[in-house]
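Reckoned from all heavy atoms, side chains included, excluding hydrogens, waters and symmetry mates.
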Amino acid sequence: MESIISILLIALGIIVGAAGGYALHRLLATKRLEDARELAKRIIEEARKEAVAHKKEVKLQAHDEILAQKKEMEDELKEREREIKKRENKMLEKEERLEDRSEKVTQKEGEVLTLEKSLTKKERKLEERDEEIGKLAEEQTKRLQEISGLTQEEARRRLMDDVESRSRHEAAMMVRQIETEAKELALRKSQEVMATALQRYSGDFVAEQTVTTVALPSEDMKGRIIGREGRNIRALEAATGVDLIIDDTPETVILSAFSPLRRQVAKLALERLISDGRIHPARIEDVVRKVEQEMDVKLREIGEQATFDVGVHGIHPDIIRLLGQLQYRTSFSQNVLQHSLEVASLCGVMAAELKMDVKRAKRAGLLHDIGKAVDHEVEGPHATIGADLAKKYNESKDIIHAIAAHHEDVPPQTAMAVLVQAADSLSGARPGARKELLENYVKRLEDLENIATNFDGVSKAYAIQAGREIRVMVDSEAVDDDNTYMLCKDISKSIEENLTYPGQIRVTVIRERRAVGYAK
């Protein structure tokens, strides 16, 4: 019985122990679950805090980027405002200069009108004088009929011959006097008016000579060149100083500017941008800057090669660069640098024949048109501009004078100045130099000589200076001094009526009397 009770007690103890262990295990499991839940809550809370902090950081970064972009846009706007201001100032300056020129032209027109009125008065006096001569002729006719006993027809013929001779003589003297008085003022004023008018004139020829075309690989490239809201095309125009014209012409962009050098820089930069494919304002400025540097080096190389070809040394580097710019300048379709090289060579040949300094003559010939490199930037004749440049860079006085006098802006006073003037005429007026056919050239010379030889009293006529001048030799027995002057006017009028020619033709009539004797 006791053993049974012991077994029961043991079994009961086992059951109680198992129940307690189960309760303890359950208690531990519950605690672990609560710890896990607590840990999860902390992790979630920390994640929320980190998310809030990250969100704030992202907002701050976005705010900083917005501020930076805003500052960049403000800087760009300020830069554009400065550029616009500069352009406005330039436009105002140009308007002021145009107004000044307009006032000067108006003033000169008034002076010319005054001169015309003076000439009109003198012409009226001539008409009155002719009327007086007519009255005198009638009186002489009556007297001759009474005294000589000649027939009326014979008397009229003799009287008319006498009156015509005296009238022509007096008219020639008066015309010479009028022109002598008016020539100094009228010629100078008319030249100034014409020069001002030419500077203000622009026509189709100017448009044809101031544009360059750039071929595009496709039509899509036009949109990339223009850029968003036109920023690329504005950046390119601002960097190069050239106007870009993008119209309906297929796969073509037109560059327009008066400076051929700027057009060349813009063309090279645009071609490089098109081949590279990256077109945006920063890239445009970088490419234009590199092209300008390369072009500057190229201009110096061209100028140095020109001085080497001629054999002239010791020229200032800035003058050498200007010589390089002449490669991109034309005059009547003739390349100015090639023209300058021709003039230098001709000057050297003539100087050698005359036993003069060949190197200095070549130097003057090479530099005679240096003013054309900057005549689109500086006002005045290119000969005067070139002389000022030569003086600025310490060229000798005879070189400066030769440059200034090669178009007779100042009278030539040295043999070298005359050489440069002659060589310049030879290079510019030779057949083929300035797009004139040889047949037309020869025909114009023959026509000039034929017109002059058709007049009575003309013995010989020679067209020289490529048809820019004709010299007429007259018989001194048949034509006197006053009639020589009238003959010159008649030939000039006939040339104007019968020929078509550019510029002007100078008519020179020469009357020479020679006396030959022999001493024995």
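- H401 and P411 make their closest contact through CE1-O, 3.3 Å (heavy atoms, listed as atom of the first residue, atom of the second, distance).
- With R511 contributing its side chain and V479 its backbone, the two residues share a donor-acceptor pair below 3.5 Å.
- If you take CG on N498 and CG on N450, they are separated by 11.0 Å, rounding to the nearest 0.5 Å.
- Using bins of under 30°, 30° to 60° and over 60° for the plane-to-plane angle, the ring pair H406/H368 lands in the perpendicular bin.
- With salt bridges taken as basic N to acidic carboxylate O contacts below 4.0 Å, none links D388 and K392.
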Please tabulate, for side-chain N and O atoms in residues 84-92, each donor-acceptor pair with protein atoms closer than 3.5 Å (sequence neighbours left out).
from : atom 1 : to  : atom 2 : distance (Å)
N89  : ND2    : K85 : O      : 3.2

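- In this structure, the separation between CG on D369 and NE2 on H407 is 5.5 Å, given to the nearest 0.5 Å.
- Remark: D296 engages R300 in a salt bridge, criterion side-chain N to carboxylate O under 4.0 Å.
- With respect to the salt-bridge test (charged N to carboxylate O, under 4.0 angstrom), the residues D286 and R283 qualify.
- The nearest pair of heavy atoms linking Q421 to P412 is NE2-CG, 4.3 Å.
- Closest approach of L326 to S340, counting heavy atoms only: CD1-OG, 4.1 Å.
- Closest non-hydrogen pair, V265 versus V291, comes out as O-CG1, 3.7 Å.
- Here the closest non-hydrogen pair linking C347 and L419 is SG-O, 3.9 Å.
- Salt-bridge check for R234 with E83: failed, with every basic side-chain N at 4.0 Å or more from each acidic carboxylate O.
- Using modelled atom types, one finds no donor on one side chain facing an acceptor on the other under 3.5 Å when comparing R363 with S396.
- A salt bridge links R82 and E79; the closest N-O separation between the charged side-chain nitrogens and carboxylate oxygens is under 4.0 Å.
- Residues R80 and E76 are paired through a salt bridge, judged by an N-O separation under 4.0 Å between the basic side chain and the carboxylate.
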